[in-house]
Amino acid sequence: MPFPKVRLRRLRTNSLIRDVVEETDLPARRLMIPYFVRPGKDVCLPIASMPGQNQISVDVLVREVQTMARQGIKSVLLFGIPRKKDPSGSEAYAPNGIIQTAIKAVKKACPDMLVAADLCFCEYTSHGHCGVLKKGDVDNDATLKLIAKTALVQARAGADIIAPSGMMDGMVKAIRTALDKNGFQDRIIMSYAAKYASAFYGPFREAAESAPKFGDRRSYQMNAANAEEALREVAQDIEEGADIVMVKPALAYMDIIRRVKEKFHVPVAAYNVSGEYAMVKAAGQKGWIDERRVTSEILLGLRRAGADLIITYHAKELLLPRV
């Protein structure tokens with residue numbers, strides 16, 4: 001019916017009715033917190049380009065995860081900074097490597113926490129690329145063998161979710177095959193299915209100490225101009241056995257999130273990446289924006305776009321009481 005019988009402002013009159021008719025929620029269970037873990041004890045090294053984020057040792061990680069579990073967080077994503085790097089990134093698949101050690105500690109302290117292990121080699125290789133090099137570029141098929149090996153080591157350590165992020169062709173099939181053959185049929189694969197070669201990753205490379213020593217990653221990460229290609233990538237990963245598919249970055253790729261959700265009807269993760277976080281933090285510190293409100297709007301936007309799970313560095317500040 002037309003105005004005046006229909007007055008849509010009635011449903012905005014006060015906070016009580018606004019809460020009742022709110023269409024999109026942002027509960028803690030929808031948020032996954034990333035952590036950067038390094039060797040040592042009582043280590044908490046601030047990341048300059050990501051205010052409020054730190055490289056932390058396993059003991060500090062355990063305390064952090066326990067605190068966030070009490071706030072309703074159900075899942076974390078772990079990135080490792082190894083003691084040493086080499087051309088093949090061998091610390092990634094060492095049984096006592098930093099990520100494997102962190103997984104065991106978190107699962108022991110918080111058995112109900114879902115632990116996702118990022119599976120990529122850029123943090124572990126001396127050259128900073130996401131796999132084994134051949135003639136200056138990543139050798140896709142040689143890297144698949146190491147991906148499968150790393151997935152098994154992570155699963156044996158207790159990882160609930162294996163999260164391959166290197167954008168190698170066939171990576172999901174290699175992982176699913178290795179896991180299934182070794183009795184890990186129940187382990188979840190959350191694939192970085194549509195991962196773009198993005199300028200938004202800048203602060204992450206400081207946080208994970210993973211900047212490439214030469215060139216860039218455009219031969220394996222996606223062109224920001226392409227959308228149909230993202231759908232082909234997602235379709236391939238689902239066919240190979242991915243349980244959750246991810247779009248990364250998030251804020252400039254909400255159209256991709258929506259198209260993936262509408263086309264495939266599978267759980268979709270969105271990675272609210274380091275550059276997105278850093279921009280909000282910088283503007284907030286300048287007093288140019290209300291940081292908490294802007295953060296909430298961004299994350300609600302990702303939920304409206306179709307994200308079932310949001311990986312975000314903002315989760316701790318959103319959930320913990322202000323002091």
Side-chain angles (χ1 to χ4, degrees), residues 34-40 43 45 47 55 57-58 77-104 116-157 159 162-179 182 189 191-193 195-199 201-222 233 237 240 248 273-274:
Y35 288 105
F36 301 98
V37 193
R38 65 176 304 127
V43 175
L45 300 177
I47 300 165
Q55 293 181 348
S57 52
V58 172
L77 175 61
L78 304 183
F79 295 91
I81 297 101
R83 291 185 186 277
K84 61 182 179 67
K85 303 187 180 193
D86 59 40
S88 67
S90 62
E91 281 290 297
Y93 47 85
N96 61 346
I98 184 61
I99 283 295
Q100 286 67 257
T101 301
I103 293 166
K104 292 173 185 176
D118 180 79
L119 200 173
C120 194
F121 297 105
C122 58
E123 304 104 302
Y124 302 93
T125 54
S126 51
H127 46 73
H129 281 280
C130 299
V132 180
L133 294 184
K134 183 179 181 180
K135 296 181 180 179
D137 197 8
V138 175
D139 185 329
N140 191 97
D141 294 2
T143 299
L144 291 182
K145 296 175 183 177
L146 296 184
I147 286 174
K149 186 175 183 178
T150 304
L152 276 178
V153 171
Q154 292 176 341
R156 288 174 179 139
I162 309 298
S165 60
M167 288 297 286
M168 296 296 113
D169 291 335
M171 64 184 184
V172 173
K173 181 179 180 181
I175 293 169
R176 188 76 272 162
T177 300
L179 292 177
N182 287 274
I189 298 177
S191 175
Y192 290 62
K195 180 178 179 180
Y196 286 85
S198 173
Y201 302 150
F204 176 93
R205 291 172 182 169
E206 177 195 351
E209 300 180 8
S210 62
K213 300 299 183 185
F214 62 89
D216 56 39
R217 297 175 179 144
R218 296 185 188 186
S219 71
Y220 42 101
Q221 295 177 0
M222 285 184 52
E233 286 279 6
D237 283 6
E240 292 180 5
K248 180 183 180 182
V273 299
S274 60

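Source: prediction; values computed, not measured.
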Hey, is the main chain of Ala94 close enough, under 3.5 Å, to the side chain of Gln100 for a donor-acceptor pair? yes

Closest approach of Ile103 to Gln154 (non-hydrogen atoms, all atoms of both residues): CD1-O, 4.0 Å

Do Arg176 and Glu240 have side chains that get closer than 4.5 Å, going by heavy atoms? no

Would you check if Phe36 and Glu123 make a side-chain contact, meaning some heavy-atom pair closer than 4.5 Å? no

Which atom names give the shortest non-hydrogen contact between Gly128 and Cys122, and what distance separates them? O-CB, 3.5 Å

Which atoms form the tightest heavy-atom contact between Ala197 and Arg218, and what is the distance? CB-CG, 4.0 Å

I need the Thr150 OG1 to Ile99 CD1 distance, nearest 0.5 Å. 11.0 Å

Thr143, Val132, Val138 screened by side-chain contact (heavy atoms from CB on, under 4.5 Å) with Phe121, the one that passes: Thr143

Across all chains, not counting sequence neighbours, the side-chain hydrogen bond (donor to acceptor under 3.5 Å, both in side chains) partners of Arg217 are none

Test item: His127 side-chain N/O and Pro87 main-chain N/O as donor-acceptor pair under 3.5 Å: yes

Start with the C-alpha distance between Leu146 and Tyr124, add both sets of side-chain angles, then the distance that settles side-chain contact (heavy atoms from CB on, under 4.5 Å), and finish with yes or no. CA-CA 12 Å; Leu146 296 184; Tyr124 302 93; over 6 Å; no

Where the side chain of Glu91 meets the backbone of Lys85, is there a donor-acceptor pair that is under 3.5 Å apart? no

Just to verify, what does Ser88 make a side-chain hydrogen bond (donor to acceptor under 3.5 Å, both in side chains) with, not counting sequence neighbours? Asp86, Tyr93

Are any side-chain N or O atoms of Lys195 and backbone N or O atoms of Ser165, one a donor and one an acceptor, separated by less than 3.5 Å? yes

Please round to the nearest 0.5 Å and tell me the distance separating atom CD1 of Ile175 and atom CE of Met168. 11.5 Å

I'd like to check Ser90 versus Lys84 (side-chain heavy atoms, cut-off strictly below 4.5 Å). Are they in contact? yes

Do Leu78 and Asp118 have side chains that get closer than 4.5 Å, going by heavy atoms? no

Give the minimum heavy-atom separation between Leu152 and Ala178, together with the two atoms involved. CD2-O, 3.6 Å

Which heavy atom of Gln221 sits nearest to which heavy atom of Tyr196, and what is that distance? OE1-O, 3.5 Å

Quick one: does Met171's side chain get under 4.5 Å of Asp237's, heavy atoms only? yes

Main-chain N/O of Leu119 paired to Tyr192 side chain as donor or acceptor, under 3.5 Å: no

Run the side-chain contact (heavy atoms from CB on, under 4.5 Å) check on Arg156 and Asn182 step by step: do they pass? CA-CA 10 Å; Arg156 288 174 179 139; Asn182 287 274; 3.5 Å; yes

On a heavy-atom basis, the closest approach of Ala117 and Leu77 is C-CD1, 4.3 Å

Within the structure provided, determine whether Ile98 and Ile81 are in side-chain contact (heavy-atom separation under 4.5 Å). no

